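Since we're looking at a predicted model, the values are computed, not measured.
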Amino acid sequence: MMKLSDLGFDEWFEAHVSDFLQEGLGIARISAVDRGSYLIRNEMEEISAELAGKFYFQIDSSVDLPCVGDWVVVQYFNDNRAAIIHGVFPRRTFLRRKAAGKKVDFQMIAANIDIAFIVQSCHFDFNVRRMDRYLVMAADGNVEPIVILTKTDLITQDELEQKIWAIRSSVIKTRVLALSNITGIGFDEFQQILSPGRTYCLLGSSGVGKTTIINRLIGQEAFVTKAVSGTGEGTHTTARRQLIVLNQGSMLIDTPGMRELGLLSVSDGMNQGFEDIVGLSVNCRYTNCTHEYEPGCAVRAAVTNGQLNEDHYSSYVKLKKESEYHEMSYLDKRKKDRAFGRFIKSVKKQIKDQK
């Protein structure tokens, strides 16, 4: 039988037990979410679960809904073969993005992650600017990132070194690991990163090899994979986010490929992901410098004299604008949501008073 500590429940979460746990309730971890249905994993097994009605109607935002990796308080029924979720523990770390499409809201990807593996293929998918987005997202949720370059068997050693140079020249300092699902090169080093009781997450576009990595770690074709399309673009294989407990005791969260990776309210992540630009900005003439048009801008001066990589600077400006624009729209949306919530409560009070 497993212990909760084997699933990552440590002293940090123990400190919050008294705030949530009541007699007759237990603790479990969300292992899968699929269109409003949940799987939870406890010391014994993995079972289905649903939200308690009271808990659901107290939620203000989709961010408050359980996501993969969350620790939750549950009540078991049906001879412990199913459960009702009554609450979510605070998240120590998280991964989230702007919801896809025109909707201005957060979409939770996973919670309580120790390391996020940002996976890119060396063949068609390699894109340093997209890598910036993932790194900002990881930094915003206080998750340590590691870049994984897959399909190294499809390029030469010189081409691989050029890609690593492109990453380093863009001032990305995180660890970079190159591997091949075909030859197995790099997998020994990859497996050495995985530690029992810790949680890892695979992030990346469709077809970069995330599910193949999991199958190789498990030692069997437990999850379906597909070949990339004729254009070299990936095709969706993973349909839902799920937490997998590996034989060595570590946990790995697989995620569907992301076509869109919009950023919303990631000022902290921007500061961490672009520390060099933040450091230069203290020398700007104006404290509120946007680093685009103002005279006396130390950041643009660094670009002009070659101290700062121009592509890296352009990526910073683009991501900053995008995040700020979405944040303004999100705050406006939240104001409208709160106003509507107050209206509903007032109507309910009037109905109650009339009875």
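The shortest distance between side-chain heavy atoms of Ile155 and Lys163 falls below 4.5 Å. Looking at heavy atoms from C-beta onward, Phe89 lies out of side-chain contact with Asn112 at the 4.5 angstrom threshold. No side-chain heavy atom of Leu25 sits less than 4.5 Å from a side-chain heavy atom of Phe20. For the pair Tyr286 and Pro295, the minimum side-chain heavy-atom distance is below 4.5 Å. Looking at heavy atoms from C-beta onward, Asn142 lies out of side-chain contact with Phe94 at the 4.5 angstrom threshold. Between Tyr38 and Leu51 there is a side-chain heavy-atom pair separated by less than 4.5 Å. Between Leu21 and Val73 there is a side-chain heavy-atom pair separated by less than 4.5 Å. You'll find the side chain of Asn42 stays beyond 4.5 Å of the side chain of Ile27, heavy atoms only.
The hydrophobic cluster containing Leu154 does not contain Phe190, counting ILVMFWY residues as joined when their side-chain heavy atoms lie under 4.5 angstrom apart, directly or transitively. Grouping the Ile, Leu, Val, Met, Phe, Trp and Tyr side chains by contacts below 4.5 angstrom, directly or via other members, places Phe187 with Val119. A single hydrophobic cluster is seen to contain both Val245 and Val72, as judged by linkage of ILVMFWY side chains at heavy-atom distances under 4.5 Å, directly or through other members. Note on Val282: it does not cluster hydrophobically with Val278, by side-chain heavy-atom contacts below 4.5 Å among ILVMFWY residues. Linking Ile, Leu, Val, Met, Phe, Trp and Tyr whenever their side-chain heavy atoms come within less than 4.5 Å leaves Ile193 and Ile185 in two separate clusters.
Judged by distance alone, with hydrogens and angles left aside, the side-chain atoms of Tyr200 form a donor-acceptor pair with the main-chain N or O of Ser195 at under 3.5 Å. A side-chain donor-acceptor contact under 3.5 Å links Asp10 to the backbone of Trp12. Distance alone, capped at 3.5 Å, is enough to place a donor-acceptor pair between the Arg130 side chain and the Asp125 backbone. Judged by distance alone, with hydrogens and angles left aside, the side-chain atoms of Thr93 form a donor-acceptor pair with the main-chain N or O of Ile113 at under 3.5 Å. Distance alone, capped at 3.5 Å, is enough to place a donor-acceptor pair between the Gln120 side chain and the Asn127 backbone. Using modelled atom types, no side-chain atom of Arg241 and backbone atom of Ala110 make a donor-acceptor pair closer than 3.5 Å.
Between the CG atom in Asp153 and the NZ atom in Lys151 there is a gap of 9.0 Å [rounded to 0.5 Å]. One distance of note links CG of Leu252 with OG1 of Thr255; it measures 9.5 Å at 0.5 Å rounding. For the atom pair CD1 (Ile253) and CE (Met251), the distance works out to 9.0 Å, reported to the nearest 0.5 Å. Interatomic distance, Arg96 CZ to Cys67 SG, rounded to the nearest 0.5 Å: 11.0 Å. A distance of 11.0 Å separates CD1 of Ile40 from CG of Leu7, quoted to the nearest 0.5 Å. Atom CD1 in Ile118 sits 11.0 Å away from atom CG in Leu202 (nearest 0.5 Å).
Salt-bridge check for Lys318 with Asp132: failed, with every basic side-chain N at 4.0 Å or more from each acidic carboxylate O. A salt bridge is absent between Asp6 and Lys3; no separation between the charged side-chain nitrogens and carboxylate oxygens falls under 4.0 Å.
Counted by atom type alone, Asp311 and Ser170 present zero donor-acceptor pairs between their side chains at under 3.5 Å.
Each of Thr212, Val208, Ile214, Ile213 was evaluated against Lys210; a single residue qualifies, Val208, per the side chain to side chain contact (heavy atoms under 4.5 Å, CB included) test.
The two residues Ala111 and Arg29 make their nearest non-hydrogen contact at O-NH2, 3.7 Å. Between Ser31 and Val68 the shortest heavy-atom distance is O-CG1, 4.1 Å. Of all the heavy atoms in Phe55 and Ile85, the pair that sits closest is CD2-O, 3.8 Å. Minimum interatomic distance between Arg168 and Thr174 (heavy atoms only, all atoms of both residues): NH1-O, 2.8 Å. Heavy-atom minimum distance, Leu95 versus Ala138: CD2-CA, 3.9 Å. What you find for Leu160 and Thr152 is that their closest heavy atoms are CD1-CG2, 4.1 Å.
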Determine whether Tyr76 and Ile47 satisfy the following criterion, side-chain contact (heavy atoms from CB on, under 4.5 Å), listing intermediate values before the conclusion.
CA-CA 10 Å; Tyr76 295 101; Ile47 62 175; 3.5 Å; yes
Any chance you could lay out the side-chain contact (heavy atoms from CB on, under 4.5 Å) test for Gln242 and Leu39, step after step, and finish with the verdict?
CA-CA 9 Å; Gln242 54 188 327; Leu39 286 179; over 6 Å; no
Test side-chain contact (heavy atoms from CB on, under 4.5 Å) applied to Ser5 and Phe13, step by step:
CA-CA 10 Å; Ser5 58; Phe13 298 104; over 6 Å; no
Should Leu203 and Met137 be marked as a side-chain contact (heavy atoms from CB on, under 4.5 Å) after you check the CA-CA gap, both sets of side-chain angles, and the distance that decides it?
CA-CA 11 Å; Leu203 298 171; Met137 182 176 70; 3.6 Å; yes
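Within a 6.0 Å sphere centred on CD of Gln22, other residues, nucleotides and ligands contribute 12 heavy atoms or fewer. Crowding of Glu45 atom CD: a count of heavy atoms from other residues, nucleotides or ligands under 6.0 Å exceeding 12. For Phe77, the CZ atom counts as densely surrounded, since its 6.0 Å shell holds more than 12 non-hydrogen atoms of other residues, nucleotides or ligands.
In this structure, Phe274 has its ring center under 6.0 Å from that of His312.
In this structure Glu292 satisfies the salt bridge (charged side-chain N to carboxylate O under 4.0 Å, His left out) test together with Lys321, sequence neighbours excluded. In this structure, the salt bridge (charged side-chain N to carboxylate O under 4.0 Å, His left out) partners of Asp114, at least two apart in sequence or on a different chain, are Arg198.
Classified by interplanar angle (parallel below 30°, tilted 30° to 60°, perpendicular above 60°), the ring pair His291/Tyr316 is tilted. Under the 30°/60° scheme for interplanar angles, the aromatic rings of Trp71 and Phe9 are found to stand perpendicular.
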